[in-house]
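Structure, as structure tokens:
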Amino acid sequence: MNRNLLVIAAFGTLLPAVASAASFTSPVRDVASISEPESGATRLLFTADLAVPEEHVALRRALLRVPVGSRESTERLVLRVHPVTTAWSRGAVEWSSGWTRAGGDFEDLVYGWAEVSAGQSEVVFDVSIPVKEILEYGAANRGFLVTVEPAAGLGLRAADSEALRLSNASLDVSYRQIPRPPRGHRGE
């Protein structure tokens, strides 16, 4: 008897697992800025809708695309994107209001960074890791905070924050729908 037939007979009919690819683009919304009173440096906050109509998805990639307007400075600017860990409201966010630490509660780990050079029209951040946490594991989507290098979460100069057109930014998400695990599978 063929071994493959024996396996099928013992475990039932084996069906191929089919995964369908999909993608969506979500415009950035709820853009806000929080300015440090002493230096005037600004941290930018934003959210994007990450609702996926399908269940059981596996993220392929999530890219944040931010248009860049003209900048006065020609020096290199390295931006970092951090997931926000505390709920916030666009109209009520301030440097010290609603946070456990001034300037906002965010993950210290950097999940997306990009360099902005003179004449650049768009900056792209790979934010796949925090979006994966939201889509696949149900982490809260509280938005993101944009800071400037170094990793201490410093704010941007006013001219640089104005050059980032966050209100015109979008989040491009590609994923695949995966089959529901069979009954009795771990986690069910």
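On a predicted model such as this, the values are computed, not experimentally measured, just so you know. All values below were derived from every heavy atom in this structure, side-chain atoms included, with hydrogens, water molecules and symmetry-related copies excluded.
Counting heavy atoms from C-beta on, the side chains of Leu156 and Leu79 come closer than 4.5 Å. A heavy-atom distance below 4.5 Å is not found between the side chains of Leu171 and Phe46. Proximity of Val28 to Thr47: side-chain heavy atoms (C-beta onward) are nowhere separated by under 4.5 Å. Considering only heavy atoms from C-beta on, Ser121 stays 4.5 Å or farther from Val68 through its side chain. In this structure, the side chains of Val31 and Leu45 stay at 4.5 Å or more apart for every pair of heavy atoms. Side-chain contact check for Glu133 versus Pro130: every heavy-atom pair is 4.5 Å or farther apart.
No more than 12 heavy-atom neighbours from other residues, nucleotides or ligands sit within 6.0 angstrom of CH2 on Trp113. The number of heavy-atom neighbours closer than 6.0 Å to CZ of Arg29, taken from other residues, nucleotides and ligands shown, is above 12.
Looking at every heavy atom in both residues, Pro27 comes nearest to Thr25 through CD-O, 3.9 Å. Across all their heavy atoms, Ala163 and Ser70 have their closest contact at CB-O, 3.8 Å. The minimum heavy-atom distance between Thr86 and Gly98, with the atom names listed, is CG2-O, 3.7 Å. For Val93 against Ala32, the heavy-atom pair with the smallest separation is CG1-CB, 3.6 Å.
Counting only N and O atoms by type, the side chains of Ser33 and Thr42 include no donor and acceptor under 3.5 Å apart. Donor-acceptor pairing under 3.5 Å is lacking for the side chains of Thr85 and Asp105. At a cut-off of 3.5 Å, with distance as the only test, no side-chain donor of Asp49 or Ser26 sits close to an acceptor on the other residue.
In this structure, CG on Leu135 lies 5.5 Å from CG on Leu50, to the nearest 0.5 angstrom. The OG atom of Ser97 sits 10.0 Å away from the CD1 atom of Ile34 when rounded to the nearest 0.5 Å. Interatomic distance, CZ of Arg61 versus OG of Ser23, reported as 13.5 Å (0.5 Å rounding). In this structure, the separation between CZ on Arg157 and OG on Ser39 is 11.5 Å, given to the nearest 0.5 Å. Note that OG of Ser174 is 9.5 Å distant from CZ of Phe24, once rounded to the nearest 0.5 Å. The CZ atom of Arg80 lies 16.0 Å from the CZ atom of Phe144; values are rounded to the nearest 0.5 Å.
When atom types are taken as modelled, the side chain of Trp88 and the backbone of Arg142 share a donor-acceptor pair closer than 3.5 angstrom. Of the possible donor and acceptor atoms, none in the side chain of Arg43 sits under 3.5 Å from a partner among the backbone N and O of Leu145. Formation of a donor-acceptor pair under 3.5 Å by the Glu162 side chain with backbone atoms of Ala159 is not found in this model. For Glu36 (side chain) and Glu38 (main-chain N/O), no donor-acceptor pair under 3.5 Å exists by modelled atom type.
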Determine whether Phe125 and Arg65 satisfy the following criterion, side-chain contact (heavy atoms from CB on, under 4.5 Å), listing intermediate values before the conclusion.
CA-CA 7 Å; Phe125 299 91; Arg65 299 181 180 283; over 6 Å; no
- request: Given side-chain contact (heavy atoms from CB on, under 4.5 Å), test Val116 with Val78 step by step and report yes or no.
  value: CA-CA 6 Å; Val116 182; Val78 178; over 6 Å; no
Begin from the C-alpha positions of Thr147 and His82 and carry the test side-chain contact (heavy atoms from CB on, under 4.5 Å) through to its verdict.
-> CA-CA 8 Å; Thr147 63; His82 308 263; 3.0 Å; yes
Q.
side-chain contact (heavy atoms from CB on, under 4.5 Å), that's the test. Do Leu63 and Val173 meet it? Break it down for me.
A. CA-CA 7 Å; Leu63 298 176; Val173 177; over 6 Å; no
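Using a 4.0 Å cut-off between charged side-chain N and carboxylate O, Asp108 and Arg101 make a salt bridge.
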